[in-house]
Structure formats: C-alpha cells, structure tokens
2 protein chains.
Amino acid sequence: MKTAPQPLAFADGVFPAGCPSRTLLDHITSKWGVLILLALSEGKHRWSDLRRRAEGISEKMLAQTLKTLERDGLVSRDAQPVIPPRVDYSLTERGYELTALLVPLAAWTFENAEVIINGIQQDK
Amino acid sequence: MKTAPQPLAFADGVFPAGCPSRTLLDHITSKWGVLILLALSEGKHRWSDLRRRAEGISEKMLAQTLKTLERDGLVSRDAQPVIPPRVDYSLTERGYELTALLVPLAAWTFENAEVIINGIQQDK
DNA sequence: ACTCCAGCTTACCCAAAGGTCGGTACCTTA
DNA sequence: TAAGGTACCGACCTTTGGGTAAGCTGGAGT
C-alpha cells in the first residue's frame, strides 16, 4: 500500500480505505471533535467550560471525544490533585498545528452558513 | 488566544446549537462529504470516477452526498443527454473557496496519520 | 443531614447513518 | 439472446453514534 509522504498523496485515491488517514480524519471531522478542537484553539478549558462551549454535547460524548483526541496526541489533559477536582484541557503542539488549519475552515463555514442553508431548501 | 482574522464569531459559543452553521459543518465534515470535496478539488469527475476515488463509498451514499453538496451550492451537476448517460460533477466557485481551506487540512491529516494512529493504541 | 458541585464512568437504548441488493432505462458488444 | 456498462432510485436491514440516567468521590453550602 502507499505510504509515500508526498505533498498531495491523495492524487491517486483520496485517502485509501482502511488507512490510518481515514481513521484520523474521522476523529478530527467527527461531530464533536471539530467543536472541541475549535473551543480549545482559544486556550485551555475545563470540563464544564467545554460542555458550555460545545453547546449540546452530552457528558458521555465529551468524555469520549476528549479521550480520542488525547490518544491522538492533539489534546493534553492536566489533572490537578486539588480539593475540588480541577482538570484543564488544552491543545498540544500538534493540536495547534491542526487547529491553525481548522479555524479558517470553521470561519468560512460560519460566515457562509446562513446564505447556504437558509437560502436553500433544507429537508435533511 | 486569537487565531482568526475576523472578530471570531464563535468567540461566545463555538457554533451555537441548532444554527445553520452546525448543519453546514455537518455536511462538510460528513464521512463522505470530505472525500468527495477533496476528489473534486482536482477537477471534474464522473459518477464512476468518484466511486473509485472515494474508496469504499456505496452508490447510495454517493448519490446522497452529492445531492446534499449540490443543494448547498458547493458542487454542480452537469448532465449531458448523450446516448450512454454522462454526468460530470465539479466544484462551484463557492466549492473552490471551501476546498482551498479543506485541502491543507487533509494534507496535514494524511501526513500525520501514520505517526498518530500507528504509534498509539487504536481500539476503536 | 441533605443536597449540590466538579469530573468523570458505566449501562441501557434508540434513531439515524450507512450497507446490501434489486430495479430501471438505454445502448453496446459478443 | 445474453451479458455488461452508466447513472441512478428505493426498500430493507444492520451497525453505531450518541442521548439519558444513574453512580461515585469528596468537599462546601444551608
């Protein structure tokens, strides 16, 4: 299989099926993954902050998403053993690299959403 | 802290729930949506081309995804009434704007996937 | 004493995303 | 006559993402 670190490696197949790239892409573009990454692009946040900022996320999904992103080395977890438990989540170096590319995309999406979605039949 | 040029619309809530921006974000970051957009970023493609390039997609999902992206004004469909039916799909102006931002993200993902996913326990 | 908060985890369950398969219409090649 | 290709549609069924609810630890508030 292709492992060549070419600039435009998807010149031949756009992310071969079953490849690690597909998995990572799924993590990043997952429903809540994007929102968490965007929230953290502004700086460190606590559990309850994230719940508020990623409006609508459930505790289960928050925990699950954070765990995935942490495993992928995009988010780091800093648990302080203080009396009322305090845990801060922030982006790793790698995470910042990613969100540097993600934020413009999100900004474009945000700016164009009204025109696109409201100007068009939206049944699904 | 601030990473975007604009007043950062998600400064207060990162894509408010139930907003058009969430819907559009879901379309764009959907499992097959990304792959179709990336494939089309290289130029026009036919139905069967897309099936090959978005490896693993089913006909149903291809049709559904294309329809969504078309409704969002990101993809244009050009059906020629020739004897063996020929339909070309390509990006609209708006679609190009998007993929200009999407491609770097995809490239980063592709380049970092091996290290991230293979260097780490991957249970899910 | 009782309840509330943060920061989780686990169990249970459902809607919906997505896969499989068959059909359609028209033409070409064997 | 039969098989095969393009570009789909749609019924049916399975997988899974994600929601709800409950529990847990250990203070702090009333």
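Residue numbers begin at 1 in each chain, while the letters A, B, ... track the order of the sequences. Predicted model only: the values in this text are computed from it and were never measured.
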Mind checking side chain to side chain donor-acceptor pair (under 3.5 Å) for [X] and listing every partner two or more places apart, or none if nothing turns up?
{"X": "B:T29", "result": "none"}
{"X": "B:S90", "result": "B:S76"}
{"X": "B:S30", "result": "none"}

Those residues that, when tested against [X], pass side-chain contact (heavy atoms from CB on, under 4.5 Å) (two or more places apart):
{"X": "A:K60", "answer": "A:S58, A:Q64"}
{"X": "A:A63", "answer": "A:W47"}
{"X": "B:S21", "answer": "A:F110, A:A113, B:F15, B:C19"}

Can you measure [X] atom [atom1] to [N] atom [atom2] for me and round it to whole angstrom units?
{"X": "B:L66", "N": "C:dG18", "atom1": "CG", "atom2": "C1'", "value": "15 Å"}
{"X": "A:Q80", "N": "C:dG7", "atom1": "CD", "atom2": "C1'", "value": "13 Å"}
{"X": "B:L62", "N": "D:dT6", "atom1": "CG", "atom2": "C1'", "value": "13 Å"}
{"X": "A:E70", "N": "C:dT9", "atom1": "CD", "atom2": "C1'", "value": "15 Å"}

Q | Salt bridge flag under 4.0 Å for residues A:R52 and A:D49 | A | yes
Q | Within 6.0 angstrom of A:Q80 CD, more than 12 heavy atoms from elsewhere | A | yes
Q.
Check this one for me: any side-chain N or O of A:R77 less than 4.0 Å away from OP1 or OP2 of C:dC8?
A. yes
Q: Establish, with yes or no, whether the OP1 or OP2 oxygen of C:dT9 is under 4.0 angstrom from a side-chain nitrogen or oxygen of A:K67.
A: yes
Please list, for nucleotides 19-23 of chain C, all pairs of protein and nucleotide N/O atoms separated by less than 3.5 Å.
{"from": "C:dG19", "atom 1": "OP2", "to": "B:S58", "atom 2": "OG", "distance (Å)": "3.2"}
{"from": "C:dG19", "atom 1": "O6", "to": "B:K60", "atom 2": "NZ", "distance (Å)": "2.4"}

Q.
Once salt bridge (Lys or Arg N to Asp or Glu O under 4.0 Å) is applied, do any residues pair with B:E59, and if so which ones, sequence neighbours excluded?
A. B:R51
(Q) Restricting to salt bridge (Lys or Arg N to Asp or Glu O under 4.0 Å), what partner residues turn up for A:R86, sequence neighbours left out? (A) A:D88
I'd like a table of atom pairs between the protein and nucleotides 3-6 of chain C - only N or O on both sides, under 3.5 Å - with the distance next to each one.
{"from": "C:dA6", "atom 1": "O3'", "to": "A:R46", "atom 2": "NH2", "distance (Å)": "3.2"}

Q.
Using five pairs at each end of the helix from C:dA1-D:dT30 to C:dA30-D:dT1 to define an axis, what is the angle between those two axes, to 10°?
A. 20°
Would you be so kind as to tabulate the donor-acceptor pairs closer than 3.5 Å made by side chains of residues 96-105 of chain B, with sequence neighbours excluded?
{"from": "B:E97", "atom 1": "OE1", "to": "A:W108", "atom 2": "NE1", "distance (Å)": "2.8"}
{"from": "B:T99", "atom 1": "OG1", "to": "B:G95", "atom 2": "O", "distance (Å)": "3.1"}
{"from": "B:T99", "atom 1": "OG1", "to": "B:Y96", "atom 2": "O", "distance (Å)": "3.2"}

